[in-house]
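In each ligand, atom 1 is the first atom listed, and ligand 1 is the first ligand listed.
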Amino acid sequence: MTSTAALSAEQVTKAFGDALALKAVDFTCKAGEVHALLGENGAGKSTLVKILTGAMEPDSGKIVVNGKSHHFRSPLEAQVAGIGVVYQDFQLFPRLTVAENICAASVGDVSRGGFLSRRRMNAKAAGILANFGIEVDPQREVRSLDAAERKLVEISRALQTDPEYLFLDEPTAALEPKETHRLLAMIDRLRTHGKGIILVTHRLQEISEVADRATALRDGEYAGTLDRSQFSREALSELVVGRSVEEHRGPSHAPGEVRMHLSGLTLRDDSPEIDISVRERELVAVVGLIGSGVPSIMKVAGGAVATPKGASILLDGAEIEFRSPADAQKRGIGFVSDDRKAQGIVPLRSAAENIALPSLKRFGGPFVHRNAFRSAALGCQQTFDIRWTSPDQPVGSLSGGNQQKVVLSRWQVRESTFLVIQEPSQGVDIGARLQIHDYLVDYAKSGGSVFFSSSDLDEVRDIAHRIYVVHAGEIVAEFVNNSENPVTRSQLAQAMAAMIDRDEKQGVSND
Ligand SMILES: Nc1ncnc2c1ncn2[C@@H]1O[C@H](COP(=O)(O)OP(=O)(O)OP(=O)(O)O)[C@@H](O)[C@H]1O
Ligand SMILES: [Mg+2]
């Protein structure tokens, strides 16, 4: 490999209707470097990724791989040119198994004489997944996995084709620190093997940990590149939003009476019962490693699944049972899933319709007053700074972070009093993350309750009054976080890591 080996976009332009998503963008990733691609929600990162990986054609401009010009008409052509990708949205076949998904791109390696060897395929998939230190059964159907597990399957699949250049579009948005750490270590290894990695992320910490250079897009234009030696939180946030960003440090108001008490929930046959309470005006967080059971707790509390046998939910002192998400909505509970595609949004419907969805009654039942919900949507645009051409834009064509803001807007319009949220700021940019934090803190201050899970320990520390640490289906620690006793990131990380040490000593697997 020569030292000029690189993948470049030259003067790439792309419009959607009247909107220019990319304006004559130049970008170069050298072989053997990790290049972070940054920018606010809607800046054009995913569009650039799609163009450079053959999923979308540019209106004009060139793609150059190791000195050779290309015009990709399909992802397969890009793959043949040595390019691999993990897209921002989930791109797996839900009804196929983990192994089938991972090996889909490299069927030749696991077949003999035209027959697919299921045993070889499963073994291969298990081996690749072991890289992440997780034990997902390769024979499980992908639709039964949670968001983090699915992301790891996608990354594993991309690594399968052994690409020379690998695009990772927000791979860590759904991962907790341990998995993120492993992924960053893996990226580091790929770099030492001479690969070029393009990492799209909103998490500045990751950039400092792993990237050699960072380039930002702003409103579809190239905004600048920093070298590793120039990295700092301030410099990076300035590159992205043009100013430095102030963050919360713990909530400052006091909570009121208990609103929800969840008890008697068992996540595993042998684990003790979960007992969780959330007060009025309180923000409560749950953190845990993959396989700890955090998503199950959130789904039970938010009514996304029927209340399991044995579990008891007291809401404002009354025993309640959820049989469907509508039951929870009726009681003023809003649920935000970490998988927008599967449970959150209807991609082809407009942003305004998606926002109005749980509140249709309010907008006139079956004969919906379009203007009423359009104006409600415009109100949310103000609150969350949603970037769209109009509220009529199909939500599936909004950038990832703007979709997240649409999902949160629903419960603002529905006037819910209790939010259950998985990953509140998943995929949103540093400015919008702060806006969402402001919104949630204000929501609680003005009487609402917020129960959320997060893989972002800084987020937890910044806004939660109390934090439950869950491990292997059990609450193993509870922290109170306030200005007199602020919880630190390392305390939380240690509480999570202590449990892994315990398991390792006892020879228990942490799957
Ligand atoms: N298929 C599409 N149709 C219409 N507009 C689109 C389409 N895809 C993207 N856009 C628009 O192009 C712009 C850039 O979107 P893109 O997804 O590239 O942003 P991004 O930088 O990846 O943002 P995020 O951080 O939120 O993922 C946005 O204004 C978006 O609404
Ligand atoms: Mg994107």
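A side-chain donor-acceptor contact under 3.5 Å links Glu57 and His71. For the 3.5 Å distance criterion, the side chains of Tyr87 and Thr53 qualify, holding a donor opposite an acceptor. The closest side-chain donor-acceptor pair between Ser46 and Asp169 falls under 3.5 angstrom. Residues Glu423 and Ser455 bring a donor and an acceptor atom of their side chains to less than 3.5 Å of each other. Side-chain contact, Ser397 with Gln393: a donor N or O sits under 3.5 Å from an acceptor N or O.
Ligand 1 lies out of reach of Arg387, whose nearest heavy atom is not under 4.0 Å from it. Every heavy atom of Gly39 sits 4.0 Å or more from the atoms of ligand 1. Residue Ala19 places every heavy atom at 4.0 Å or more from ligand 1.
Close contacts between ligand 1 and Gln88 involve ligand atoms 27 (O) [criterion: under 4.0 Å to a heavy atom]. For ligand 1 and Gln393, the ligand atoms under 4.0 Å from any heavy atom of the residue are 5 (N), 31 (O). Distances below 4.0 Å separate heavy atoms of Glu40 from the following atoms of ligand 1: 21 (O). Interface of Gly400 with ligand 1, defined as ligand atoms under 4.0 Å from a residue heavy atom, comprises 24 (P), 26 (O), 27 (O). Every atom of ligand 1 is numbered from 1 in the order shown, and the set under 4.0 Å from a heavy atom of His202 is 25 (O).
Scanning the protein for heavy atoms near atom 30 (C) of ligand 1, the closest one is Ser397 O, 3.6 Å. Nearest protein heavy-atom neighbour of atom 18 (O) of ligand 1: Thr47 OG1, 2.6 Å. The single protein non-hydrogen atom nearest to atom 23 (O) of ligand 1 is Gly42 N, 2.8 Å, given as residue, atom name and distance. With hydrogens left out, the protein atom closest to atom 25 (O) of ligand 1 is Lys45 NZ, 2.7 Å, a heavy atom.
Tested against Cys29, the residues Thr215, Leu52, Ile198, Ile197 include a single side chain to side chain contact (heavy atoms under 4.5 Å, CB included) partner, Ile198. Each of Lys45, Lys50, Glu170 was compared with Gln88 under the side chain to side chain donor-acceptor pair (under 3.5 Å) criterion, and only Glu170 meets it.
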Checklist line | Ser350 vs Glu353, side-chain hydrogen bond (donor to acceptor under 3.5 Å, both in side chains): CA-CA, chis, key distance, verdict | finding: CA-CA 5 Å; Ser350 74; Glu353 283 174 291; 3.2 Å; yes

Notebook entry, point to check: Could you go step by step and tell me if Glu100 and Thr97 meet the side-chain contact (heavy atoms from CB on, under 4.5 Å) rule?
Noted result: CA-CA 5 Å; Glu100 285 163 342; Thr97 67; 3.3 Å; yes

Next item on the list: Test side-chain hydrogen bond (donor to acceptor under 3.5 Å, both in side chains) on Tyr443 and Asp438 and set out the steps.
Entry: CA-CA 8 Å; Tyr443 178 89; Asp438 285 346; over 6 Å; no

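The distance criterion of under 3.5 Å between nitrogen or oxygen atoms is not met by Phe16 with respect to ligand 1. Considering both main-chain and side-chain atoms, Gly427 never comes within under 3.5 Å of ligand 1 through any nitrogen or oxygen pair. Every N/O-N/O distance between Leu398 and ligand 1 stays at or above 3.5 Å. Considering backbone and side-chain atoms together, Asn402 places no N or O closer than 3.5 Å to any N or O of ligand 1. Note: an N/O pair closer than 3.5 Å links Gly401 and ligand 1 by distance alone. The distance criterion of under 3.5 Å between nitrogen or oxygen atoms is not met by Ala21 with respect to ligand 1.
Of the candidates Val428, Asn41, Leu217, the one placing a heavy atom closest to atom 24 (P) of ligand 1 is Asn41.
Note on Arg374 versus Asp392: salt bridge recorded, some NZ/NE/NH1/NH2 to OD/OE distance being below 4.0 Å. Salt-bridge check for Lys151 with Glu154: passed, with a basic side-chain N closer than 4.0 Å to an acidic carboxylate O. The pair Arg213-Glu33 meets the salt-bridge criterion, with a side-chain N (NZ, NE, NH1 or NH2) lying under 4.0 Å from an Asp/Glu carboxylate O.
Under 4.0 Å from ligand 1, the heavy atoms of Glu170 that appear belong solely to its side chain.
Under 2.8 Å from the Mg ion (ligand 2), one finds the following protein N/O/S atoms: Ser46 OG, Gln88 OE1.
Evaluation of the salt bridge (charged side-chain N to carboxylate O under 4.0 Å, His left out) test over residues 448-465, restricted to residues two or more places apart or in two chains, returns Arg249-Asp462, Arg433-Asp456, Asp458-Arg461, Asp458-Arg489.
For an aromatic pair to be called close, the ring centres must be under 6.0 Å apart, and Tyr439 with Phe384 satisfies this.
Interatomic distance, NZ of Lys14 versus CG of Leu48, reported as 12.0 Å (0.5 Å rounding).
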